[in-house]
Amino acid sequence: MENTSNKIFRVLGLMSGTSLDGLDMATCEFYQQDKSFSFKIVNSKTVEYSADWKYKLNNAINLSAEKYFELNSIYGKFIANEVNNFLANCQIKPQAIASHGHTIFHQP
């Protein structure tokens, strides 16, 4: 939806970190008017990780490069499946998806 003074950007954001609590997903609408932005969270969901996923992600730091890239591919397919399931039940369709993947090397 656009008019001459307002723009709306619809985005799906994904987050997964070292807490291993799950894959967080949120559809958001960002509103631009002139040089200002505001936002609204439209839908959100956390998909809890199974014990198997917790183990795989927690131990990814110890993998060889080959096994790390294999896990990356499998995890990418997992995310895609969960995103498709989430979006099937959402009220909006995003114009973009933002994801940094899963945080493995967290050193604050």
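Predicted model only: the values in this text are computed from it and were never measured.
- The two residues T103 and G17 come nearest to each other via the heavy atoms CB-CA, 3.9 Å.
- When the side chain to side chain contact (heavy atoms under 4.5 Å, CB included) test is applied to K35, no partner is found at least two apart in sequence or on another chain.
- Considering every non-hydrogen atom in both M25 and V47, the closest pair reads CE-CG2, 3.5 Å.
- Distance check, rounded to the nearest 0.5 Å: OH of Y31 to CZ of F39 gives 11.0 Å.
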Using a 3.5 Å cut-off and no angle test, enumerate the donor-acceptor pairs between side-chain atoms of residues 55-67 and protein atoms at least two apart in sequence or in another chain.
unit_1	atom_1	unit_2	atom_2	d
K56	NZ	D52	OD2	3.2
N59	ND2	Y55	O	2.8
S64	OG	K67	N	3.2

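- Minimum heavy-atom separation, H102 to S16: ND1-OG, 2.6 Å.
- Pairs passing the side chain to side chain donor-acceptor pair (under 3.5 Å) check and including a residue from residues 18-27, sequence neighbours excluded, read S19-D21, D24-T46, T27-N43.
- Using a 4.5 Å cut-off between side-chain heavy atoms of Ile, Leu, Val, Met, Phe, Trp and Tyr, V42 falls into a hydrophobic cluster with I92.
- For S99, the side chain to side chain contact (heavy atoms under 4.5 Å, CB included) partners are L14, not counting sequence neighbours.
- Here E70 pairs with nothing under the side-chain hydrogen bond (donor to acceptor under 3.5 Å, both in side chains) rule; sequence neighbours left out.
- Counting only distance, with no hydrogens or angles, the side chain of E48 and the backbone of G22 share no donor-acceptor pair below 3.5 Å.
- In this pair, Y49 and Y75 present their aromatic rings tilted. The plane angle is within the 30 to 60° band.
- Every pair tested for salt bridge (charged side-chain N to carboxylate O under 4.0 Å, His left out) that includes a residue from residues 90-103 fails, sequence neighbours excluded, so the list is empty.
- Hydrophobic clustering, with ILVMFWY side chains joined whenever heavy atoms are under 4.5 angstrom apart, keeps I104 apart from M15.
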Could you give the side-chain donor-acceptor pairs of residues 76-90 under 3.5 Å, partners two or more places apart or in another chain?
unit_1	atom_1	unit_2	atom_2	d
N84	ND2	A80	O	3.3
N85	ND2	N81	O	3.4
N89	ND2	N85	O	3.2

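- Scanning both residues, Q95 and F9, for their nearest heavy atoms gives OE1-CA, 3.1 Å.
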